[in-house]
Amino acid sequence: MKTTTVKVPGKLFLAGEYAVTKPGQPALLAAVDRGLTIRVAATDRLMPGSLAVKSDAMPEPLILTWSTLADLNQETSDSFLGPWSFVKAALALFYQEHLDLNLAQQPGLSLMISSQMAVDHNKLGLGSSAAVSVAIIKGLVAYFNLEDRLPAIFRQAAFAHYFIQGSGSLGDLASATFTGVIFYQAPDWLNQVDSKTLTLADFSKLDWSNLAIKPLPWPKNWQIGIVATFQPASTKKALAKGFWQTDFARQSKEAVTKAALAIENHDYHGLMQGLKNNQDLLKKVLPTGYLTPALSQFLTLLGQRGLAGKVSGAGYGDNGFVVFENQTQGHGFHQASQGTALHLLLPALWQDSVLL
């Protein structure tokens, strides 16, 4: 029986958080090798047109049919409630966009999702729901040998994910799809849709203007370190408070652009300054809870050791990241973080060899 295995990375936001939720505002993201694996296989244990989805994060499998999914394309996200909501939305959108496959007549399919996004059962905040959405689309595209290129895969996964979550920049989905280190800007439709009334059928009407995804050449001798606090975070906490100031967008764009140019020019000091500018801005405009005691300790350590890095993502917990120019820096940081609430992990950057 035919089997296809696809791996999808986790993501780290490097710069541009919060501002990137507005179309045209840039961010930087890195894909890391703490991700997901999906295995898609034909099975004669299921009736034609049926699917069984299993995950090492779920106690029970999801059993359903393509015909059931086809009936959901005019429904709002309220019809997708439950622990499998992101999976069901991705599957339903895939069905809708690939009617020529006659999926209801295809042999039964088994999908197995396994995660490498936790350490000792502690989630790392690397975008697991985004990785799942990308894995479903990418896995099925590979299994059926379809010609969907990365931009098409991203758009399907991104909309299916947004449809369920109702917020976000889609940057984590761009990172999981395109891999490597990317410069990213969100599309205009994020400002144009009402998440409460969206249906999957609206996919064909979306305005993708302003979307930008550009790979950046990461210097080979630079090592990214994840500095985990093992405290989950939520971007909605801060976004709901409405922190936008007239100058926030401009200052964020300047800091992100400076950091992006530093990466392209292999300029470690420039990267350090760009990230610091972005970090100082976020500290100024976000509520006090953005910096937990552990994250404050992390930023103090960065400053003491003269290292490039910042809080990654939403704050309020989750991770920081640090960039080392050499092993001496890495060893020194590791020693200095001993006995603190900080856990240093050294993932590899994930770069697919697939052509963009």
Taking all heavy atoms of T177 and all of L150, pick out the closest pair and write down the distance.
CG2-O, 3.6 Å
Quick one: CG on D33 to CD on Q351, what's the gap to the nearest 0.5 Å?
13.0 Å
Counting N and O atoms only, with roles assigned by atom type, does the side chain of Q279 sit under 3.5 Å from a partner on the main chain of V311, one being a donor and the other an acceptor?
yes
For the pair Y18 (side chain) and A314 (backbone), establish whether a donor and an acceptor sit closer than 3.5 Å, ignoring hydrogens and angles.
yes
Step by step, would you call L111 with R39 a side chain to side chain contact (heavy atoms under 4.5 Å, CB included)?
CA-CA 6 Å; L111 284 73; R39 179 178 170 273; over 6 Å; no
Is the charged tip of K2 near the ring of Y143: under 6.0 Å from the six-membered ring centre and within 45° of its axis?
yes
What do you reckon, are the aromatic ring centroids of F178 and W350 less than 6.0 Å apart?
no
Test side chain to side chain donor-acceptor pair (under 3.5 Å) on T340 and S337; report intermediate values, then the result.
CA-CA 6 Å; T340 71; S337 65; 5.0 Å; no
What's the shortest heavy-atom distance between A142 and T4, and which atoms?
CB-CG2, 3.7 Å
Using a 6.0 Å cut-off, check whether atom CD of Q327 has over 12 heavy atoms from anything other than its own residue.
no
Nearest heavy-atom approach of F321 to S312 is CD2-CB, 3.9 Å
K138/D352 under salt bridge (Lys or Arg N to Asp or Glu O under 4.0 Å): CA gap, chis, key distance, verdict:
CA-CA 12 Å; K138 227 176 188 179; D352 280 352; 3.1 Å; yes
Any donor-acceptor N or O pair under 3.5 Å, side chains Q251, N277:
no
Out of curiosity, does W218 fall in the hydrophobic cluster containing M272 (side-chain heavy atoms, cut-off under 4.5 Å, transitive links)?
no
Taking side chain to side chain contact (heavy atoms under 4.5 Å, CB included) as the criterion, tell me which of V227, I226, I224 meets it with V322.
V227
Looking at K214 and E264, is any side-chain nitrogen of the basic one under 4.0 Å from a carboxylate oxygen of the acidic one?
yes
Do D148 and H98 get their side chains close enough for a donor-acceptor pair, meaning under 3.5 Å?
yes
Verify the distance criterion only: is there a donor paired with an acceptor across the side chains of Q338 and H334 at less than 3.5 Å?
yes
Is there a side chain to side chain contact (heavy atoms under 4.5 Å, CB included) between V132 and V8 once you walk through the steps?
CA-CA 8 Å; V132 165; V8 173; over 6 Å; no
Indicate if V87 and M112 have the same hydrophobic cluster label, given that clusters are the connected sets of ILVMFWY residues with side-chain heavy-atom separations under 4.5 angstrom.
no
is_close_aromatic(W222, F324), centroid dist under 6.0 Å
no
Any idea how W208 and F203 line up, ring-wise: parallel (<30°), tilted (30 to 60°), or perpendicular (>60°)?
perpendicular
Working for ring-ring contact (aromatic ring centres under 6.0 Å, His included), residues F163 and F80
CA-CA 10 Å; F163 171 73; F80 289 75; 5.1 Å; yes
Where do D56 and S114 come nearest, in terms of heavy atoms and distance?
OD2-CA, 3.3 Å
Start with the C-alpha gap between T292 and Q231, add the side-chain angles, then the distance that decides, and say whether side chain to side chain contact (heavy atoms under 4.5 Å, CB included) holds.
CA-CA 9 Å; T292 60; Q231 296 170 314; 3.6 Å; yes
Under 4.5 Å between side-chain heavy atoms, hopping through other hydrophobics if needed: is there a path connecting L261 to L14?
no
Are V53 and I63 connected, step by step, through hydrophobic side chains (Ile, Leu, Val, Met, Phe, Trp, Tyr) whose heavy atoms are closer than 4.5 Å?
no
Taking every non-hydrogen atom, the tightest pair across K54 and P61
CG-CB, 3.7 Å
Output yes when R250 and E254 qualify as a salt bridge under the 4.0 Å nitrogen-oxygen rule, no when they do not.
yes
CG of L28 to OG of S175, rounded to nearest 0.5 Å, is 11.0 Å
Please find the pair of heavy atoms, one from G320 and one from F298, that lie closest to each other, and give the distance.
CA-CE2, 3.6 Å
Only one of L200, L93, L64 clears side chain to side chain contact (heavy atoms under 4.5 Å, CB included) with L69; which?
L64
When you measure from the side chain of S79 to the backbone N and O of E75, does any donor-acceptor pair fall under 3.5 Å?
no
Salt bridge (Lys or Arg N to Asp or Glu O under 4.0 Å) partners of residues 198-207, not counting sequence neighbours, each pair once
D202-K205
Plane angle bin for W189 and Y162 - parallel if under 30°, tilted between 30 and 60°, otherwise perpendicular
perpendicular
Does D280 form a salt bridge (Lys or Arg N to Asp or Glu O under 4.0 Å) with K276? I'd like the steps, not just the answer.
CA-CA 6 Å; D280 289 346; K276 185 178 185 304; 2.8 Å; yes
Side chain proximity check, R155 to L211, heavy atoms < 4.5 angstrom:
yes
Donor-acceptor check, side chain of S50 to backbone of M47, threshold 3.5 angstrom: yes or no?
yes
